[in-house]
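Below, chains carry the letters A, B, ... as their sequence lines are ordered, and counting in each starts from 1.
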Amino acid sequence: MALIDLANPTRFLNLANRCLPWLAGLTAVLFAAGLYQTWFVAPDDYQQGATVKIMYIHVPSAWLGMFGWTLMSIAALGTLVWRHPLADVAAKTAAPIGAAFAFLCLVTGSLWGRPMWGTYWVWDARLTSVLVLFLMYLGMMTLWRTVEDPSRAGRAAAVLTLVGAINLPIIKFSVDWWNTLHQPASVFRVGGPAIDRSILLPLIVMVLAFTLLFVTLHLAAMRNEIMRRRVRTLRLQQAGAGAGG
Amino acid sequence: MALGSHAAFIVAAYLITAIVVLGLTVWVIVDRRAQARALADLDARGVRRRSEPARARTA
């Protein structure tokens, strides 16, 4: 099946129906492996002790909070440039999932910060830019709910999504550009990861598990959105027939 | 597996994550059922897409 074939919602639904059980199963297996390693294999950090366990959920949440907006930005290009019929479906359904992970990033970061930094929150560049990302997600979800026509909402949301994408490099490089309480990058950095292998491996498994969870939820939410649009079209068709006849 | 003096922070972080992930999963499942019900209801009333094959329409 060529990629262009997925522009057909019916073909996409068939593919989603076939893939979702496998994706859900693989996600469960990866979570089982990741949580086992996190809780029973990975050692405590020599400075942070057991609080390092929060990292295994905080880092994937942070990554997926940004991944969600990246996905929405690519979908926004799909809406504005290629007019792909599923692009705004992908963008709309990624927003609540991305928002949930941005929220988790903020909450788990606060719960990690209190014992390590002595405070739940500081208005430094990294924390503030992630909070802005979370608020942008909420704004985007509100926009989708406010405009009734999905294609009009899709175009407006696409423009705003691309404008909001400027926040992604700000989040990523905030720890390098400004003096922040948040530590600099320790996984994706020049010179390789600064984390010991015994902690890095469980982290990678958890990142993969969370990413697969995101993909699974997103695919399922896209399937729901396509069905919702069919329901809307049929109701309009029915109302039109009633008014005409 | 000793969590030390900061156990409450670790457990709270995992608990909140579990609740949010469960919430997302339930949202997707409940929404799927609602849309499937709405489509089935429209189908039962004979409202079908124009692009559907004639055989399906008359079935």
Side-chain angles (χ1 to χ4, degrees), chain A residues 10 20 24 27 31 35 38-40 44 48-58 60-61 93 96-97 99-101 103-105 107-116 120 210 213-214 216-235 237-239 241, chain B:
Chain A
T10 303
L20 276 169
T27 303
F31 264 114
L35 287 170
T38 301
W39 285 87
F40 301 107
D44 288 349
Q48 303 184 38
T51 50
V52 74
K53 291 195 190 311
I54 298 177
M55 178 185 70
Y56 300 111
I57 46 178
H58 174 71
S61 301
T93 50
I97 306 170
F101 283 108
F103 170 77
L104 281 178
C105 171
V107 171
T108 56
S110 281
L111 288 166
W112 197 8
R114 181 67 183 89
M116 293 299 104
Y120 285 106
F210 271 98
L213 173 70
F214 189 111
T216 307
L217 288 170
H218 188 227
L219 205 59
M222 281 181 73
R223 181 174 68 179
N224 294 349
E225 181 61 22
I226 291 169
M227 291 166 75
R228 186 180 351 274
R229 290 183 185 197
R230 281 192 178 168
V231 169
R232 182 178 184 274
T233 306
L234 288 173
R235 283 183 179 152
Q237 186 181 309
Q238 186 186 25
Chain B
M1 180 180 44
L3 294 180
S5 55
H6 302 308
F9 294 99
I10 301 166
V11 172
Y14 275 82
L15 207 61
I16 291 167
T17 303
I19 290 168
V20 170
V21 168
L22 199 68
L24 282 172
T25 310
V26 168
W27 162 64
V28 163
I29 292 170
V30 168
D31 192 26
R32 156 98 170 144
R33 286 184 185 162
Q35 301 314 320
R37 217 173 21 245
L39 278 173
D41 180 51
L42 284 161
D43 190 62
R45 284 191 278 146
V47 185
R48 295 191 183 91
R49 291 188 306 148
R50 294 190 183 102
S51 59
E52 275 187 69
R55 191 175 54 82
R57 283 200 203 191
T58 51

Peer 1: Between B/Leu42 and chain A, with a heavy-atom cut-off of 4.5 Å, which part of the residue counts as in contact: side chain, backbone, both or neither?
Peer 2: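 Contact with chain A involves the side chain of B/Leu42 alone.
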
Peer 1: Please classify the contact of B/Thr25 with chain A as side chain, backbone, both or neither, using a heavy-atom distance under 4.5 Å.
Peer 2: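 Both parts, heavy atoms under 4.5 Å.
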
Peer 1: By a 4.5 Å heavy-atom criterion (distance strictly below it), what part of A/Leu217 contacts chain B: side chain, backbone, both, or neither?
Peer 2: both

Peer 1: Quick check on A/Thr233 against chain B: is it the side chain, the backbone, both or neither that has a heavy atom closer than 4.5 Å?
Peer 2: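 Neither part.
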
Peer 1: So which of A/Ile57, A/Ile54, A/Thr93, A/Thr10 has the largest heavy-atom pair count under 4.5 angstrom toward chain B?
Peer 2: A/Ile57

Peer 1: Below 4.5 Å from any heavy atom of chain A, which atoms of B/Ala7 appear? Answer side chain, backbone, both or neither.
Peer 2: neither

Peer 1: Within the structure provided, determine whether B/Leu22 and B/Trp27 are in side-chain contact (heavy-atom separation under 4.5 Å).
Peer 2: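 Of all side-chain heavy-atom pairs linking B/Trp27 with B/Leu22, none is under 4.5 Å.
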
Peer 1: Please determine which of A/Thr108, A/Leu35, A/Thr38 meets the side-chain contact (heavy atoms from CB on, under 4.5 Å) test together with A/Tyr56.
Peer 2: A/Thr38

Peer 1: Under a 4.5 Å heavy-atom cutoff, which of A/Ala24, A/Gly49, A/Ala221, A/Pro115 has the most pairs with chain B?
Peer 2: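 Greatest number of close heavy-atom pairs with chain B: A/Pro115.
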
Peer 1: Given that the side chain runs from C-beta out, which part of B/Val28 has a heavy atom under 4.5 Å from chain A: side chain, backbone, both or neither?
Peer 2: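 B/Val28 touches chain A through backbone and side-chain heavy atoms alike.
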
Peer 1: Would you check, one step at a time, whether the test ring-ring contact (aromatic ring centres under 6.0 Å, His included) holds for A/Trp112 with A/Tyr120?
Peer 2: CA-CA 8 Å; A/Trp112 197 8; A/Tyr120 285 106; over 10 Å; no

Peer 1: Kindly write out the residues that satisfy side chain to side chain donor-acceptor pair (under 3.5 Å) with B/His6, not counting sequence neighbours, or none if the list is empty.
Peer 2: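 Not a single residue meets the side chain to side chain donor-acceptor pair (under 3.5 Å) criterion with B/His6.
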
Peer 1: At a 4.5 Å cut-off on heavy atoms, which part of A/Met55 comes close to chain B: side chain, backbone, both, or neither?
Peer 2: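 For A/Met55, neither part sits under 4.5 Å from chain B.
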
Peer 1: Which pair of heavy atoms, one from A/Ser61 and one from A/Cys105, lies closest together, and at what distance?
Peer 2: CB-N, 3.7 Å

Peer 1: Heavy-atom cut-off 4.5 Å, strictly under: side chain, backbone, both or neither for A/Val231 against chain B?
Peer 2: both

Peer 1: Compare every heavy atom of A/Thr216 with every heavy atom of A/Thr27, then report the nearest pair and how far apart it is.
Peer 2: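 Smallest interatomic distance, heavy atoms only, reads OG1-OG1, 3.4 Å.
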
Peer 1: What heavy-atom pair brings A/Ala50 and B/Ile10 nearest, and what distance separates the two atoms?
Peer 2: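 It is O-CD1, 3.4 Å.
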
